[in-house]
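None of the values given here were measured: they were computed from a predicted structure. Computed over heavy atoms, backbone and side chain alike; hydrogens, waters and symmetry mates excluded.
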Amino acid sequence: MNEQNAFDQRVVAEQAYSETSGLLDQLNLPPGVIRFIRENQRMIQVIAAIVILVVIAGSLYKSYRTKRFENAASGLALALEEKGDARVKGLQQVADDYSGTPSSLWATTELGHQAMRDSLYTEAIKQYSQVLDKISSSNPMYNLVSYGIAQANEAGKNYDAAASAYSTLKDIEGFKDQGYRGMARVFEAQGQNDKALAVYEEYLGTFLGETQNDANRKIIMEKITRLRVQ
């Protein structure tokens, strides 16, 4: 009986080898390639299996990642519809459960906005800073969050930090007005009118050659006149 099993296994192996050999011959591969494949058949099978597993794993991860992003977006949308404590709780859950997703960043930013509305300026700075630490300066959220930090510091009377944040904003496209005006306000709040005047004069100089900002130019000139006579 054992001899029969051994015979059957040998026949199967020989048939498989014969089929593989015939297939390789039909592909018109160079003799050297055919010899390499025959000599390393086991290794090639292992490599092929690894490649298949990597492809499957990548596909599964992509599907998981897509689903996670969708759940995060859904959770954010639901949280934003809530009011009061329920809204804060929902936003915090999205921020915690879906860390690394855009929805988590937006949820944290919204927590900063809520803290500002509640006059919790230290908490607002904390939330905004968490977002800023996770994004690059090329991220569209970077300037918005930086402005939030500047406002929170100003409202919390952290004037040095506020002036530094506004100074960065004045050199960013779209935030020039907020940056210059914020810096000037901070200096005036500290009674440093000379510094505020210098900021307004520098601000006025940025309008040279422009005609569409006549209203802003007029406001700045009025502030400069007022500071000069004080």
[X] and [Y]: which non-hydrogen atoms are nearest, and at how many Å?
{"X": "Lys134", "Y": "Gln130", "value": "CG-O, 3.4 Å"}
{"X": "Glu123", "Y": "Ala115", "value": "CG-CB, 3.9 Å"}
{"X": "Ala196", "Y": "Ala184", "value": "CB-O, 3.7 Å"}
{"X": "Phe175", "Y": "Leu144", "value": "CZ-N, 4.1 Å"}
{"X": "Ser146", "Y": "Ala165", "value": "O-CB, 4.5 Å"}
{"X": "Ser167", "Y": "Met183", "value": "CA-SD, 3.5 Å"}

### ring pair (Phe, Tyr, Trp, His ring centres under 6.0 Å) partners of residues 86-135, not counting sequence neighbours, each pair once
His113-Tyr128
Is a side-chain N or O of [X] found less than 3.5 angstrom from the main chain of [Y], in a donor-acceptor match?
{"X": "Asn139", "Y": "Met141", "value": "yes"}
{"X": "Ser99", "Y": "Asp96", "value": "no"}
{"X": "Ser164", "Y": "Asp160", "value": "no"}
{"X": "Ser74", "Y": "Glu70", "value": "no"}
{"X": "Arg217", "Y": "Phe207", "value": "yes"}

### Query
Heavy-atom distance under 4.5 Å between the side chains of Arg87 and Gln92, does that happen here?
no
### Worked check of side chain to side chain donor-acceptor pair (under 3.5 Å) between Tyr166 and Asn153
CA-CA 10 Å; Tyr166 281 126; Asn153 276 300; over 6 Å; no
### Residues which pass side chain to side chain contact (heavy atoms under 4.5 Å, CB included) with Lys157, listed by chain and number, not counting sequence neighbours
Tyr159
#### Entry: Residues forming a side chain to side chain contact (heavy atoms under 4.5 Å, CB included) with Glu202, sequence neighbours excluded
Lys170, Tyr180
Is [X] linked to [Y] within one hydrophobic cluster, defined over Ile, Leu, Val, Met, Phe, Trp and Tyr using a side-chain heavy-atom separation of less than 4.5 Å?
{"X": "Ile135", "Y": "Ile125", "result": "no"}
{"X": "Leu197", "Y": "Val199", "result": "yes"}
{"X": "Phe69", "Y": "Val94", "result": "no"}
{"X": "Val186", "Y": "Ile149", "result": "no"}
{"X": "Leu120", "Y": "Leu132", "result": "no"}

Is the count of non-hydrogen atoms from other residues, nucleotides or ligands lying under 6.0 Å from [X] atom [atom1] greater than 12?
{"X": "Asp194", "atom1": "CG", "result": "no"}
{"X": "Gln93", "atom1": "CD", "result": "no"}
{"X": "Asp85", "atom1": "CG", "result": "no"}

At what distance, to the nearest 0.5 angstrom, does [atom1] of [X] lie from [atom2] of [Y]?
{"X": "Asn71", "Y": "Leu76", "atom1": "CG", "atom2": "CG", "result": "12.5 Å"}
{"X": "Thr206", "Y": "Glu201", "atom1": "OG1", "atom2": "CD", "result": "12.5 Å"}
{"X": "Ile219", "Y": "Ile224", "atom1": "CD1", "atom2": "CD1", "result": "12.0 Å"}
{"X": "Leu91", "Y": "Leu78", "atom1": "CG", "atom2": "CG", "result": "11.0 Å"}
{"X": "Thr225", "Y": "Ile220", "atom1": "OG1", "atom2": "CD1", "result": "11.5 Å"}
{"X": "Leu227", "Y": "Asn193", "atom1": "CG", "atom2": "CG", "result": "5.5 Å"}

### Query
Which is it for Ser136 and Ser138 under the side chain to side chain donor-acceptor pair (under 3.5 Å) test, yes or no, and what are the steps along the way?
CA-CA 5 Å; Ser136 67; Ser138 61; 2.9 Å; yes
### Task
Take Tyr200 and Arg181 through the side chain to side chain donor-acceptor pair (under 3.5 Å) test and state the conclusion after the steps.
CA-CA 8 Å; Tyr200 280 127; Arg181 289 183 178 182; over 6 Å; no
### Task
Report the C-alpha separation of Glu110 and Gln114 in whole Å, then their side-chain angles, then the decisive distance to 0.1 Å, and conclude whether the side chain to side chain donor-acceptor pair (under 3.5 Å) test is met.
CA-CA 6 Å; Glu110 285 296 331; Gln114 185 62 52; over 6 Å; no
### Under-4.0 Å salt bridge between Arg226 and Glu188
yes
### Task
Taking only Lys NZ, Arg NE, NH1 and NH2, and the carboxylate oxygens of Asp or Glu, determine whether Lys89 and Glu82 approach each other closer than 4.0 Å.
no
